[in-house]
Amino acid sequence: MTDERYLRLLSEKFPNAQAVVTELINLRAILSLPKGTEHFVSDLHGESMAFIHMIKNASGVVRKKVDEVYGYSMDEDEKRALCALIYYPDERIEYERSVQSDINAWYKKRLGQVVEVARAVTIKYSRSKVQKLLPKDYAYIIGELLHESHLELKDRNTYYNAIIDAIIETGCAEQLLIAISYLIHGLTIDTLHIVGDIFDRGPGAAKILDVLSTVRDYDIQWGNHDIEWMGAMAGNMALLATVLRVSIRYANIETLEEGYGINLLPLANFAMTVYGDDPCTIWQTKDFENNPRLTRSAQLMAKMHKAISIIQFKLEGQTVLRHPEWHMEHRAILHHLSLVNGHWSFNGQELLDQHLPTIDPKDPYALSQYEQDLMNQLWRSFRKSEKMQRHLRMLYEHGSLYLVRNGFLLYHAAIPLNADGSFTEADVCGQRVSGKALMDRTDAIIRQAYYGEGEAKQNALDYMLYLWEGEFSPLYNKDKMTTFERYLIADKTTHEEKKGAYFTLADDEKVCERILAEFGLDPATGRIVNGHMPVRTIKGETPTRAKGKRFVIDGGFSKPYQEKTGIAGYTLIYNSHGIQLVEHESFESREQAVLSGSDIHSRTLLQDFSGKRIRIKDTDKGKELLEQIEALEQLLAMYRNGSLRER
């Protein structure tokens with residue numbers, strides 16, 4: 001029985017029996033509709049152009065709709081041109097205006113075609129839902145084009161053509177084509193799940209978040225690279241230095257400078273002052289000789305890279321030593337350095353770079369005044385970037401460490417496990433927890449780092465560094481992060497990072513069933529979706545693991561990973577028919593997509609269709625609607641038995 005106080009509050013929205021009856025009819029009708037299409041992607045790593053195209057073509061779903069509507073009645077070139085219009089209506093219209101001898105005839109043809117595709121997309125949605133997505137200025141016109149079936153066939157065609165003609169005569173064709181194309185985008189992906197790692201490697205993380213802000217329903221399961229940036233944005237100085245180091249290492253300063261307006265000139269000045277005559281040979285950016293994204297000289301970038309790396313090592317050491325409970329003393333590296341006869345070494349191994357003028361052997365973690373002033377200046381730039389702070393709020397408001405939705409358990413990297421498959425118990429800011437409790441506690445600490453106050457906030461903010469590189473972090477789960485060794489020690493055995501037991505054991509069906517049960521899912525039907533570990537398809541690896549219980553969908557959206565994976569990303573699609581796993585090839589360019597209709601070539605790896613169509617009543621949303629229906633039925637009974645007065 002629903003609390004009577006809640007029912008009285010509900011009566012404010014539904015003040016009489018007729019209002020309740022109307023809503024009950026609406027909700028029961030919605031329960032019978034096919035479930036919306038969910039798309040799962042991960043490890044975007046700043047590849048904004050490929051991501052934006054994936055949103056526009058819905059991982060190939062739009063092209064499939066065009067094929068369903070037009071089949072063999074439209075040739076391949078026409079289909080490609082129609083898809084290009086739907087994907088990029090503004091740019092394609094501009095192109096057609098320059099080449100069409102009769103643009104009005106083109107408008108009439110394309111309006112009819114785009115409307116037909118939109119009908120095919122909207123057919124499984126309620127009219128009220130579609131109406132909510134229509135632009136206010138054109139809602140009536142588009143509604144009439146989509147739903148004019150109440151007329152007889154002859155009258156319908158006459159009415160339909162009259163609307164199209166009026167649209168063209170009044171100069172509204174372009175706006176309508178654009179509006180209907182965006183309606184198709186909005187409905188082919190009902191819900192978008194980003195299973196971690198929006199940031200790093202590629203240049204467009206800020207663009208990805210800008211596009212996400214226009215998506216109707218999306219969620220983010222934070223990845224380790226997201227936590228790195230979130231910590232930096234919130235004020236963890238070690239992670240701020242890490243963000244700068246990684247960005248420079250991959251020549252990815254567009255995200256900082258163009259995306260967020262961060263002024264890197266102070267860092268450049270510092271680097272030139274301290275390392276002006278230093279060749280910084282080992283600090284060259286990745287593939288610097290062939291890297292088209294270098295916007296500064298390679299030499300200057302190398303100096304900046306070295307400068308911020310040394311600062312990072314100092315700040316990491318300070319943070320680790322503040323928290324002995326992390327048991328990460330082995331990652332406070334600098335006090336293990338030796339300077340003998342002018343030569344630096346670490347555990348008896350000579351460093352690859354001997355010019356370390358900013359490290360004081362007596363106090364190796366201390367920042368010089370110049371370094372401290374530099375970091376303060378860079379932090380002010382982060383704090384004052386309105387877009388950066390807006391995106392940070394988005395990451396918190398739409399993000400979580402994990403998500404349970406419609407039988408899927410989504411998390412980016414790992415659930416820490418012991419070698420026997422049991423859940424690892426770890427200390428998370430003073431609480432010993434494991435399994436789901438570890439994930440819940442960690443999620444709360446991440447939020448405290450942003451929303452908290454005082455000492456608790458500072459400890460939580462520090463813990464973001466542990467989440468980036470800690471052994472029992474569910475976002476990292478390796479014994480150590482060997483950044484220092486990879487830069488400065490030649491012996492590659494020191495570079496090794498031992499993965500946690502999860503990354504081996506989670507390929508076992510029984511282990512996945514245990515994890516699913518821990519999070520309240522049915523082990524027989526539930527599924528896990530991960531990213532984080534690139535799937536090396538060129539070496540025979542598959543994204544489907546544990547007899548279909550787990551999907552690893554990091555397929556290499558990020559171009560630096562595509563040599564390892566052999567492909568350019570995966571999308572897992574869950575619609576009313578079942579599950580599809582789609583593999584993508586590399587995206588050429590937006591320009592090619594607009595002009596020639598080139599698309600991301602995708603192939604379906606898996607189709608798991610049961611034959612029984614999944615309805616909204618079968619989803620988590622359906623459970624919520626059933627609870628609303630139960631409350632409304634009780635409210636209706638109160639009106640009808642006189643215990644609550646109608647208004």
Side-chain angles (χ1 to χ4, degrees), residues 36-48 51-52 54-56 58-59 129 132-133 182 185-200 202 204-234 239 243 255 259-260 382 385-406 408-413 439-440 442-452 460 464 467 474-475 519 529-532 553-554 557 571-574 619-621 624:
T37 303
E38 298 175 75
H39 285 234
F40 306 75
V41 296
S42 81
D43 296 86
L44 303 174
H45 285 300
E47 294 296 339
S48 56
F51 171 72
I52 291 168
M54 185 274 294
I55 291 288
K56 291 178 178 294
S59 298
K129 181 169 184 174
K132 290 174 185 175
L133 293 177
Y182 279 101
H185 299 170
L187 288 173
T188 46
I189 299 178
D190 194 57
T191 303
L192 178 63
H193 306 289
I194 310 289
V195 192
D197 279 359
I198 293 170
F199 288 92
D200 282 341
K207 292 178 183 176
I208 289 172
L209 285 163
D210 281 339
V211 171
L212 274 180
S213 69
T214 69
V215 173
R216 178 171 47 86
D217 186 8
Y218 71 93
D219 51 72
I220 301 165
Q221 291 72 59
W222 302 311
N224 53 317
H225 289 272
D226 302 320
I227 287 296
E228 170 209 10
W229 276 75
M230 290 165 67
M233 291 173 176
L239 288 177
V243 161
T255 297
Y260 291 123
F382 273 53
S385 170
E386 187 277 332
K387 180 183 279 192
M388 180 175 280
Q389 296 305 314
R390 173 161 49 85
H391 284 175
L392 179 60
R393 290 192 295 273
M394 281 177 59
L395 287 161
Y396 271 101
E397 289 168 6
H398 291 267
S400 59
L401 192 59
Y402 72 91
L403 180 70
V404 175
R405 177 71 60 83
N406 294 332
F408 286 87
L409 171 60
L410 315 179
Y411 52 88
H412 177 68
M439 299 293 277
D440 288 334
T442 302
D443 187 291
I445 293 300
I446 293 169
R447 296 183 191 284
Q448 198 170 69
Y450 181 60
Y451 295 109
M464 300 285 267
L467 292 174
L475 295 169
F519 286 82
V529 180
N530 281 164
H532 190 59
I553 59 170
D554 180 1
F557 260 100
T571 303
L572 187 68
I573 300 172
Y574 181 35
T619 67
D620 291 348
K621 180 64 177 177
E624 294 175 10

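Just so you know, these numbers come straight off a predicted model, no measurement behind them.
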Just do the side chain to side chain contact (heavy atoms under 4.5 Å, CB included) check on H185 and Y182 with the steps written out, would you? CA-CA 5 Å; H185 299 170; Y182 279 101; 3.6 Å; yes
Taking the side chain as every heavy atom from C-beta outward, state whether [X] and [Y] have any atom pair closer than 4.5 Å.
{"X": "L192", "Y": "L212", "value": "yes"}
{"X": "F408", "Y": "V195", "value": "no"}
{"X": "D43", "Y": "H412", "value": "yes"}
{"X": "S213", "Y": "H398", "value": "no"}
{"X": "R216", "Y": "L187", "value": "yes"}
{"X": "I194", "Y": "F51", "value": "yes"}
{"X": "T37", "Y": "I573", "value": "yes"}
{"X": "T191", "Y": "D219", "value": "yes"}

Please determine, by modelled atom types, if W222 and D443 share a side-chain donor-acceptor pair under 3.5 angstrom.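 The criterion, which ignores hydrogens and geometry beyond distance, is not satisfied for D443 and W222.
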With a 3.5 Å cut-off and no angle check, do the side chains of D554 and S42 form a donor-acceptor pair?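 Checked: D554/S42 side chains show no N/O donor-acceptor pair below 3.5 Å.
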Considering all heavy atoms of both residues, which atom of [X] and which atom of [Y] are nearest to each other, and what is their separation?
{"X": "G259", "Y": "K387", "answer": "O-CD, 3.1 Å"}
{"X": "S59", "Y": "T571", "answer": "OG-OG1, 2.8 Å"}
{"X": "H45", "Y": "F199", "answer": "ND1-O, 2.9 Å"}
{"X": "L410", "Y": "Q221", "answer": "CD1-OE1, 3.5 Å"}
{"X": "A234", "Y": "A449", "answer": "CB-O, 4.3 Å"}
{"X": "L401", "Y": "M439", "answer": "CD2-O, 3.4 Å"}

Could you please spell out the steps behind the side chain to side chain contact (heavy atoms under 4.5 Å, CB included) verdict for I446 and M464? CA-CA 7 Å; I446 293 169; M464 300 285 267; 4.1 Å; yes
Would the distance check show the side chain of [X] and the main-chain N or O of [Y] forming a donor-acceptor pair, the cut-off being under 3.5 Å?
{"X": "E228", "Y": "G223", "result": "no"}
{"X": "R405", "Y": "D620", "result": "no"}
{"X": "N530", "Y": "I553", "result": "no"}
{"X": "D190", "Y": "E38", "result": "no"}
{"X": "D197", "Y": "N224", "result": "yes"}
{"X": "D226", "Y": "I198", "result": "yes"}

Between H193 and F40, is the ring-ring contact (aromatic ring centres under 6.0 Å, His included) condition met? List the steps. CA-CA 5 Å; H193 306 289; F40 306 75; 4.5 Å; yes
Aromatic plane relationship, Y402 with F519 - under 30° parallel, 30 to 60° tilted, over 60° perpendicular: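 If you compare the ring of F519 with that of Y402, the planes turn out perpendicular.
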Could you tell me how the ring of Y260 sits relative to the ring of W229: parallel (under 30°), tilted (30 to 60°) or perpendicular (over 60°)?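 Ring orientation, 0 to 90° scale: tilted.
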